[in-house]
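By convention in this document, chain letters (A, B, ...) are assigned in the order of the sequence lines, proteins followed by strands, and residues within each chain are numbered from 1. The figures that follow rest on heavy atoms only: side chains count, while hydrogens, waters and symmetry mates do not.
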2 protein chains.
Amino acid sequence: MTKELEGDDDAGDRGLLSDRIRNALTDEITQGLLEAGAALDEQQLADRFGASRTPVREALRQLAVSGLVEVRGRRGVVVARMTPERIMEMFETVAEIEAMCVRLATYRMTPIERSHLIEMHDLSEAIVEKGDYDAYDAFNLEFHDRIYHATHNGFLAEQAIAVRSRLNAFRRTQLRQGERMRRSRDEHDAIMQAIAEGDGEMASRRMRAHMLNAATALRRFIEASKPT
Amino acid sequence: MTKELEGDDDAGDRGLLSDRIRNALTDEITQGLLEAGAALDEQQLADRFGASRTPVREALRQLAVSGLVEVRGRRGVVVARMTPERIMEMFETVAEIEAMCVRLATYRMTPIERSHLIEMHDLSEAIVEKGDYDAYDAFNLEFHDRIYHATHNGFLAEQAIAVRSRLNAFRRTQLRQGERMRRSRDEHDAIMQAIAEGDGEMASRRMRAHMLNAATALRRFIEASKPT
DNA sequence: GACCCACATCGTGTATACAATATCGCTATC
DNA sequence: GATAGCGATATTGTATACACGATGTGGGTC
């Protein structure tokens, strides 16, 4: 009913309507607000955003390229349905890409980049102590981002971020599982040691294990919460 | 002038207009028929495809997500300009992804997949002897495709294909450089040996070297042909 | 002669109108 | 009672029309 994009978000006002709609839908999907398989009616979305169908259509088509939604011929658009198998495939892919990035980063990062990373990692100890999930989630994102960029390969960093973003909907939940946050930080610590020693291969293996541990924690959570 | 999509291509007739336009533009860009930086006027393209601006716009926006074109606010769309640095970044990324894939594939491929790959590789010797660049190019594509799929990770395979396709415009040329085709086949041979021994790490290192050699051959070709 | 501003022009961004097709419900028949 | 065929309806796909912003040019001024 109300035009959601009108005045409440200061940054959302300017820019192209289709871009704003695309960003809004991207957020809603990756945050899990829109359930997988949910139908995305063009007219309905147009009304919701106070726009016509044209920019909505463009946004939906772009999301389809990103893999966030699924266009089914002339039968409408739905939020991408992901089977558990596919989700695990995505996690494995992210794990491999992260492992690749940390190996390159170990060999290429500047001393300044290294010291910034160490500093961030040191500060994360306090976050774990406080048990602040949201703060740790934000730290975690930036920690990995810095590793991507430390590869000094902008294209690779873009790809890494793009792939990771498709798992956003699942990212936050896994941290709340038991001692996962503490263990995550410990795993970061092991990775940092390998980086400090300049052993990219070791850092890579530890990063892969780190990511797969996170995936396993998530899988346990999903299986526990859906005992169908 | 003439409606290009009308009747000459039997497979191109059915399906959505916007999809056909997108596929046509994708081919033209990845094959290098449209020069980087070339302006893509919406009305002009609409006329060329015998359609209205609407499906053309959708196609262009989708290509932008793929990174093939660049939208510059309200100032039109151009074929993505890639600096030499960015091209090398893309090659390195592809090399790393290929290396990742062959490592996983070595550990996971079925005996049938392995024997098919060996068979293909053996047959490629004859292609090299004949000096048939186009045939080798086709073989090469399928060789790498089979490795992607032998990872038994469909998502990873999709990502690998998507990233590789963005370098299509440069792929063919490098094979014509000197003994590159012969050396490419020799490198494949070394990779096959590592796979046969079940040594994924070795296969990975050799694949990375193989891809970077191809990139270097291309770089030499570019620098030689543009002595500005 | 160089720089700046106004205006014309072109192309993109969005809205609306029209066409085509898939879905759903109804009826008729087996 | 179930199923197949048919039609109504709703939603997508495409076309056209309009609005807004950007770019480039011409004239004027310093």
Checking side chain to side chain contact (heavy atoms under 4.5 Å, CB included) between B/S204 and each of B/E96, B/E98, B/R103, which is the one that passes? B/R103
Is it true that, when you exclude B/L123 itself, more than 12 heavy atoms of the residues, nucleotides or ligands shown sit nearer than 6.0 Å to its CG? yes
Taking it one step at a time, do B/Y136 and B/F139 satisfy ring pair (Phe, Tyr, Trp, His ring centres under 6.0 Å)? CA-CA 5 Å; B/Y136 190 83; B/F139 151 75; 5.3 Å; yes
B/S/- contact track for nucleotides 5-18 of chain C, protein heavy atom under 4.0 Å: ------SBBBBB--
Between A/D145 and A/R164 (salt bridge meaning N to carboxylate O under 4.0 Å), is one present in this structure? yes
Is the count of non-hydrogen atoms from other residues, nucleotides or ligands lying under 6.0 Å from A/R220 atom CZ greater than 12? no
Nearest whole Å is fine: how far is D/dT12 C1' from A/Q44 CD? 14 Å
